[in-house]
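Each remark here refers to the structure printed beneath this line.
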Amino acid sequence: MSRYSAAEIEAKWQEAWSKTETFKAVRDESKPKYYVLEMFPYPSGRIHMGHVRNYTMGDVIARYKMSTGHNVLHPMGWDAFGMPAENAAMAIGGHPKDWTYGNIADMRDQMKPLGLSIDWSREFATCDPEYYGQQQALFLDFLEKGLVYRKNAVVNWDPVDMTVLANEQVEGGRGWRSGALVERRELTQWFFKISDMSEELLSALDGLDNWPAKVRLMQENWIGKSRGLQFAFERTDDGDAIEVYTTRPDTLNGASFVGISPDHPLSKELEKSNADLAAFNVEARKGGTTEEAIETAPKLGFDTGLKVKHPLTGDELPVWVANFILMGYGTGAIFACPAHDQRDLDFCRKYDLPVIDTFYALEDPKPVANEAFVPPKSDKVKWVDHFAGLDEATGQEAIDATIAFAEKGGWGKGVTKYRLRDWGLSRQRYWGCPIPVVHCDDCGVVPEKKENLPIELPYDVTLDVPGNPLDRHPTWRNCACPSCGKDAQRETDTMDTFVDSSWYFARFTAPRAETPTNLDDATYWMNVDQYIGGIEHAILHLLYSRFFARAMQVCGHLPESAKEPFDALFTQGMVTHEIYQTRDEKGRPVYHLPEDVADGKLIATGEAVEIIPSAKMSKSKKNVVDPVSIISSFGADTARWFVLSDSPPERDVEWTASGAEASHKHLSRVWNLCDKIGAMDPAATGQGDEDLLREMHKAIRDVTLGVESFGFNASIAKLYGFTNTLAKSKAGAVAQKQAIKTLAQLMAPMTPHLAEDIWAHQGGEGLVIDAPWPVADEAMLVEANVTLPIQINGKRRAEISVPADMSKEEVEKIALANEAVIKALDGAQPKKLIVVPGRIVNVVI
RNA sequence: GCGGGCGUGAUGGAAUGGUAGACAUACCAGACUUAAAAUCUGUUGGGCGUAUGCCCGUGUGGGUUCGACUCCCACCGCCCGCACCA
């Protein structure tokens, strides 16, 4: 008997698929199309287990759909622009382009042995000029349609390196290289007008039934639609207005001060003549630009000395500058109601400002001390003295009444606002798609002509000093103005890499087209029927892609039907691994590679290691498992089988060596089983043919259900079960052969190479990938009898076996005649008797 | 800080509001073997008990229900995102 040799059969079947061009996607109107896409990878140079899991899931879907008669598009590409290439160039020398293309070649080589059903003829990288040139064309189209504009925005500024920093380059408020305290600084930058589509992007979420509810909710919160009151406070000194926006106008009577952002025009005006305020603002602008940094920074305030008049009470309120007020949201000015907002309360306690209660809990009317009273807007509360005449009302009722009251009085109006900001796409970096515009002294900002695209990145750059090398390139910047022809200068900012990934799915439908898309191809292949990727992309990437699909439709690059580009979304979990650590003499952790550890001890020294379970794989923690070494020792099918088994796809899966070995053992077992059945006398009869086939049909039903509902782990559990049944079966050769062939088909999406080999071994016709998916015979699934548990007061005490179609009344009779029930009742009548047909009996005593 | 999620044996996990622990790992025992590996078989949530069986048990505390891992409230822990990481 020969042994299961993954290396041998995997190479063989990959060659067979390649020879027949099985995975080449060609338009075919006679079949339903199916577009399955996994989020494309960043070419770091090494694939990791997370990739294996992500692409295997997509591959299962793709292969399953092929078997069910679909014309499948399953492409692959590279999200190839971005900072790591520049960082590598700075750290180890070399050029971002060479580094990136080298990594792509390496990763492709590592990925191909997985046997994925990918149409490699459609492959591209976002750093290919053919791709980013079309992206530049899209930018110009968006510009023409008014979907792109320029305005000022804040960036992280490193005052020592004199360069813009990404958020991830700010560590604890300091630049990662220089260690200097980071400042927020304004630059003129390009923006996509995504906020114009806030309402559309929000309301269309309702139609995304096949997206996880949590992702829709996260997007909804991110867009952040709010209804509030906009009105002005009048300054007592010169009568000028300070416009504020509030979502809690009902608390207006509890206002204790008006707060403005350090970047509010009034604050900027005042700091010119107020050195103390100027110093305060410098301090307030320190730190990173992230919302997290701003929200968690200590709350600081500065009393401007100005006063404003409360529009209702006429009281004077002080005007403070506060570091936690964002210029980018609302009007950059608020009024604070400390009694009903914890942040305002902390601020007022710190600066000794008054706290005025505007409502109390119905049953507990006590003034606020050090904890703000913030009930849900739907709770009824008791109002201290509400101007709109309310006594007991919910917050929402009071908000509505206040807005109506303000509009009637003419001093304010109800306004709908969105938290969603326009998408800043400018990056002061080299390794990205150049923004195709030219700055001309006479004509201003001029779009490049489409015939001059792509505006290619120059190769001759140096990355040895911080900053954007395009800025200091001697000649690349110089060009002729596309409008007047005079000497002009190129824009040196490049695009955010999110732009690259916001339309690649559309490009895959016609990757070599001379325009961004080919409308016929896009109409045929779009939408993506199943998109698969990490939950970390739940908001930005997916929201930006939804915006792009709409903007591309406006420009005629996508059909109307493709404006929600992803019909179904699945977010998969990570692959984790234990971390093995010891401590050095100072107590700092020292990490060890999995291969250096056995039985909880270091192999070299025998020292015991601490084990941290279920940690995200990371190089610095040394808990990475390299798919390449797994494939070379066990084969791709084992790796694929393992990452699908055990954990549900949306959750993290922990890689364990024993689990991988067990997967391999199981596949060997299946292979041996195939060998054994193949050697049976074709005429041999046995016992239990019917039972085996019954189990086979149940396996077909359950495995299919698992694949269709992303329950791959459940499918695999069923396949284990069915394999065990088959291994123990004494059935005749015909039934066993049918069973193993069906097993091969059911395993084919997960372990395609092994499945092909078994299929061929058992004389299956053609390739298993081309064989139609088996269909469960309903008649074989019907069970004659069911086992019903009998509960007494909700606890299982006995069980009975009854015909599946037995009436409720008869089941009741049998249940009451049960020994355990009679004993428990002890002659009394049951209080209640619940019979759920086919499920359970509960006797309440 | 804000938004979203997760929490079940030694371990990964299963369970349309209906028998908690399917399937797998690990451990233990047995078969085969001169022996080991490989393979096969069996046991295994905790406690009490010879046993029929009984009690406890799904992060913690409450609630809804005939019945809760599942629904609701509060808390604890961990993970993801927070607009220049991809």
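Proteins get letters first, then strands, A, B, ... in listed order; numbering begins at 1 in each. Just so you know, these numbers come straight off a predicted model, no measurement behind them.
In this structure, A:Asp422 does not pair ionically with A:Lys193, as no charged nitrogen and carboxylate oxygen lie closer than 4.0 Å. In summary, A:Glu171 and A:Arg174 do not engage in a salt bridge, as defined by a charged side-chain N under 4.0 Å from a carboxylate O. A salt bridge links A:Asp263 with A:Arg285: the closest approach of a Lys/Arg side-chain nitrogen to an acidic carboxylate oxygen falls below 4.0 angstrom. A salt bridge links A:Glu291 to A:Arg419: at least one charged side-chain nitrogen sits closer than 4.0 Å to a carboxylate oxygen.
Contact annotation for A:Phe324: no contact, since no heavy-atom pair falls under 4.0 Å across all strands. Using a 4.0 Å heavy-atom cutoff across all strands shown, A:Lys665 reaches sugar-phosphate atoms only and no base atom. Contact annotation for A:Gly659: no contact, since no heavy-atom pair falls under 4.0 Å across all strands. Within the nucleic acid shown, A:Glu661 has no heavy atom closer than 4.0 Å to any nucleic acid atom. Within the nucleic acid shown, A:Val164 comes within 4.0 Å of at least one base atom, counting heavy atoms only. Contacts of A:Leu420 with the nucleic acid, taken as non-hydrogen atoms under 4.0 Å apart, include base atoms. Among the atoms of the strands shown, none is found under 4.0 Å from any heavy atom of A:Ser501. Contact annotation for A:Gly424: backbone-only contact, meaning every heavy-atom pair under 4.0 Å involves sugar-phosphate atoms and none involves a base. Within 4.0 Å of A:Ala662, counting heavy atoms only, lie sugar-phosphate atoms of the nucleic acid but no base atom. Residue contacts shown for A:His537 include a base, since a base heavy atom lies under 4.0 Å away.
For the P atom pair drawn from B:rA15 and B:rU8, the interatomic distance equals 15 Å after rounding to whole Å. Comparing B:rC28 with B:rG77, their P atoms are spaced 37 Å from each other, to the whole Å. When the P atom is used for both B:rA68 and B:rG18, the distance is 11 Å, rounded to whole Å. Across the P atoms, B:rG67 and B:rC56 are found 15 Å apart, a figure rounded to whole Å. Taking the P atom of each, B:rG30 and B:rU43 are spaced 15 Å apart, rounded to whole Å. Taking the C1' atom of each, B:rA22 and B:rC55 are spaced 25 Å apart, rounded to whole Å. B:rG1 and B:rG17 have their C1' atoms separated by 37 Å, with the value rounded to a whole Å. When the C1' atom is compared between B:rG9 and B:rC69, the two are found 14 Å apart, to the nearest whole Å.
The backbone N or O of A:Lys225 lies less than 3.5 Å from no partner atom in the side chain of A:Lys417, so there is not a single donor-acceptor pair. The closest donor-acceptor contact from the side chain of A:Asn323 to the backbone of A:Pro298 lies under 3.5 Å.
A straight line from NZ of A:Lys299 to P of B:rG1 spans 9 Å, rounded to a whole angstrom. When the C1' atom of B:rU19 is taken as reference, atom CD1 of A:Ile800 falls 12 Å away, rounded to whole Å. Remark: C1' of B:rG3 and CG of A:Asn221 are 6 Å apart, rounded to the nearest angstrom. Between the C1' atom of B:rC84 and the CG atom of A:Asp79 lies a distance of 15 Å, rounded to the nearest Å. Between the P atom of B:rC84 and the CG atom of A:Asn468 lies a distance of 17 Å, rounded to the nearest Å. Between the P atom of B:rC82 and the CG atom of A:Leu543 lies a distance of 13 Å, rounded to the nearest Å. Distance A:Lys728 NZ to B:rU41 P: 5 Å, rounded to the nearest Å. The nearest whole Å value for the distance from the CD atom in A:Gln219 to the P atom in B:rA83 is 16 Å.
Between A:Asn713 and B:rG12, a side-chain N or O to OP1/OP2 separation shorter than 4.0 Å is absent. Contact annotation: A:Arg421 does not reach the phosphate of B:rA83 (side-chain N/O to OP1 or OP2, under 4.0 Å). Considering only side-chain N and O atoms, A:Arg429 lies nowhere under 4.0 angstrom from the phosphate OP1 or OP2 of B:rA86. For B:rA24, one of the phosphate oxygens OP1 or OP2 lies less than 4.0 angstrom from a side-chain nitrogen or oxygen of A:Asn724. OP1 or OP2 of B:rC56 sits under 4.0 Å from a side-chain N or O of A:Lys795. The side chain of A:Arg797 contributes an N or O atom lying less than 4.0 Å from OP1 or OP2 of B:rC54. Within the 4.0 Å cut-off from OP1 or OP2 of B:rA24, not a single side-chain nitrogen or oxygen of A:Ser645 is found.
Out of B:rA83, B:rA24, B:rU19, the shortest distance to the side chain of A:Tyr720 is found at B:rA24. Checking B:rA24, B:rA83, B:rG3 against the side-chain heavy atoms of A:Trp222 singles out B:rA83 as nearest. Considering only the side chain of A:Pro648, B:rG13 comes nearest among B:rC82, B:rG13, B:rC84. Nearest to the side chain of A:Gln791, among B:rG18, B:rG1, B:rA86, sits B:rG18. Nearest to the side chain of A:Ile535, among B:rU19, B:rC80, B:rU25, sits B:rC80. Proximity note for A:Met83 (side chain, C-beta onward) versus B:rA86, B:rC84, B:rG13: the nearest is B:rA86.
If you check distances only, the side chain of A:Glu536 never reaches the base of B:rC79 with a donor-acceptor pair under 3.5 Å. Checked by distance alone, A:Arg651 brings no side-chain donor or acceptor within 3.5 Å of a matching partner on the base of B:rC6. Checked by distance alone, A:Glu291 brings no side-chain donor or acceptor within 3.5 Å of a matching partner on the base of B:rC82. Side-chain N/O atoms of A:Glu168 and base N/O atoms of B:rC84 include no donor-acceptor pair closer than 3.5 Å.
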Give every donor-acceptor pair under 3.5 Å between a side-chain atom in residues 830-845 of chain A and any protein atom, sequence neighbours left out.
{"from": "A:Asn842", "atom 1": "OD1", "to": "A:Gly794", "atom 2": "N", "distance (Å)": "3.1"}

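Nucleotide B:rG57 carries an anti base; the chi torsion (O4'-C1'-N9-C4 or O4'-C1'-N1-C2) is more than 90° from 0.
Of the candidates A:Leu425, A:Thr126, A:Thr494, A:Ile435, A:Leu425 is the only one forming a side chain to side chain contact (heavy atoms under 4.5 Å, CB included) with A:Val499.
Annotated stems with RNA chain B as a participant read B:1-7 with B:76-82, B:10-12 with B:23-25, B:28-31 with B:39-42, B:45-48 with B:53-56, B:59-63 with B:71-75, given as range with range, by first number; only runs of 3 or more Watson-Crick or G-U pairs under 3.5 Å qualify.
For A:Tyr531 and A:Phe505, the distance between ring centers is not under 6.0 angstrom. Ring to ring, A:Trp78 and A:Tyr131 are not that close: their centroids are 6.0 angstrom or more apart. Aromatic ring centroids of A:Phe40 and A:Tyr504 lie under 6.0 Å apart.
Taking 4.5 Å as the limit, every side-chain heavy atom of A:Val703 sits out of range of all side-chain heavy atoms of A:Phe722.
Summary of the strand contacts: A:Lys832 and A:Arg669 both lie near RNA chain B, and taking for each the nucleotide with the nearest heavy atom, the more 5' one is attributed to A:Arg669. Toward the 5' end of RNA chain B, the nearer of the two residues A:Glu799 and A:Asn842, judged by each one's closest nucleotide, is A:Glu799.
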